[in-house]
Amino acid sequence: MLDIRMLRENPELVKAGIAKKNDKTDIDKILQLDNERREIIREVEQLKGERNKVSGEVAKKKKAGEEADEEIKAMKAVGEKISGLDQKQRDVERDMHNLMIWIPNIPHDSVPVGGEENNVVVREWGEIKKKDFKVLPHWEIGEKLGILDIAAATKISGSGFYILKGLGARLQRALVAYMLDTHTSDGFLEIAAPFIVTADSMFGTGQLPKLADDMYKTTEDEMYLIPTSEVSLTNCYKQQILDQKQLPILMVSHSPCFRREAGAAGKDTRGMVRVHQFEKVEMVKIVEPEKSYEELETLTAQAEKILQGLQIPYRVSTLASGDLSFAAAKCYDLELWAEGVERWLEISSCSNFEDFQARRMNCRYKDSDKKVRFPHTINGSGLALARLIPAILENYQNADGSVTIPEVLVPYMSGIEKIG
RNA sequence: GGAGAGGUGGCUGAGUGGUCGAAAGCGCUGGUCUCGAAAACCAGUGUACCUCCGGGUACCCAGGGUUCGAAUCCCUGCCUCUCCGCCA
């Protein structure tokens, strides 16, 4: 959510900002409602002041055993006027709120303007080596090794699901453990949080109302399956005032992620790179505003650390404004190179939301001057399993059809060094 | 799922229609005292909004309602606790 004061004081800045995200919210309409709202408040507060004063006099008279019919009659009329204005104020505020919740966060100045084609690669790591044999895509090598069964998953749940078996499932568990161990030893607190959350939590992190169609919703209770544990982690601190001493808060968790992927039919449908349910390790930081961009860099480095440990080539891009998600002010995408599908696969998005989510969640902190302020929130995958496993099956594939286990994972695999 | 009890400031807790934004205690901040600390004593101690910058309004879980007037009465929702049922 944006600050209404910012809209009032810098409407052109906001308009320019949301235009960079191709958003067409009518800012002038909001400002008009805001003016209307303030006019109503001015009027109704004056009336309420009068009512309070006279009601006090009524109380005094009654106590003294005097009549106060005149005052009561006059205040009845004032009261009616007040409830009319109260209603009007509620209506205006509701209309305003319903517009405000659709405004995306505005991009940071360092974000390139434009669509996906304007994303900027800021660094690359590792060497893309061409193997001297034909590398099979993960769905083929996975089936051959008996560790991946997409057909069975399709029977159970329809398209967009996968089953890992035996050492495939074991590999996933090893990766999760490796990532959690890495992040916790770097200061992140491991959290095991709910996978089903209220609409209010989805609103807090900015998934609702805009992304409602991309999520699974329960029919009886209006609960949502999390599309990422960012939702559970960040909302741990909603409707709360933190102490500055508690910051920065660093959290990490492993969870399944559920995504309807509405409108993505036919896109990257083979294998496990685009599915309705996948596992992910997610990092979230809640930090002081002044430090958030610095903290975004270290969070991104933390995600990169995993890929470096696994020796998988990757690149980091700054997303252009049009490619940014609804709530993000700046985002780095990490993409790894998968040798079988011969493509860059998005493996992590590290974003700074500034105070956008904090406002929606009403999460605040008391700074050293005891002033209550909104902190900044940051998150990033560290990393997504459904793309990491394909990359390992492809990049670590051998000519004989076996797959070598990355060295750092061997201890997590009871010493197993190779599948197949 | 059934029955009951309850949600008041940072915390404990009083308040059942009229000077209640809310007693008291604790905590916290400042001061006196002290070499310093503790104790004692004194003072202060919420947030948001509107403003013609004088001040005003709102907030006692949330949202409605009754009333001249609501922390207090009514309705709805959420949450917590106790007992029963069910259950990995």
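So you know, we letter chains A, B, ... as the sequences are listed, proteins then strands, and number each from 1.
- Among the heavy atoms of the strands, none lies under 4.0 Å from Arg373(A).
- In this entry U66(B) has no Watson-Crick or G-U wobble partner, no candidate having both defining distances under 3.5 Å.
- For C68(B), neither phosphate oxygen OP1 nor OP2 lies less than 4.0 angstrom from any side-chain nitrogen or oxygen of Arg51(A).
- Using a 4.0 Å heavy-atom criterion, one finds that Arg5(A) contacts the sugar-phosphate atoms exclusively.
- With G18(B), A58(B), U51(B) as the choices, the nucleotide that has an atom nearest any side-chain atom of Arg42(A) turns out to be U51(B).
- Note on Arg94(A): nothing from the nucleic acid sits closer than 4.0 angstrom, heavy atoms only.
- In this structure, Lys62(A) reaches the bases: a heavy-atom distance under 4.0 Å links it to at least one base atom across the strands shown.
- Using a 4.0 Å heavy-atom cutoff across all strands shown, Gly49(A) reaches sugar-phosphate atoms only and no base atom.
- Ring planes of Phe161(A) and His276(A): tilted class, angle from 30 to 60°.
- Between Asp23(A) and Lys21(A) there is no salt bridge, since no side-chain N of the basic residue sits under 4.0 Å from a carboxylate O of the acidic one.
- Considering only side-chain atoms of Asn52(A), the nucleotide from C49(B), G69(B), U57(B) that sits closest is U57(B).
- Side-chain nitrogen and oxygen atoms of Arg90(A) include at least one within less than 4.0 Å of the OP1 or OP2 phosphate oxygen of G64(B).
- Checking side-chain atoms of Ser83(A) against main-chain N and O of Gly79(A) turns up a donor-acceptor pair under 3.5 Å.
- Lys62(A) and Glu67(A) are not joined by a salt bridge, as no carboxylate oxygen comes within less than 4.0 angstrom of a charged side-chain nitrogen.
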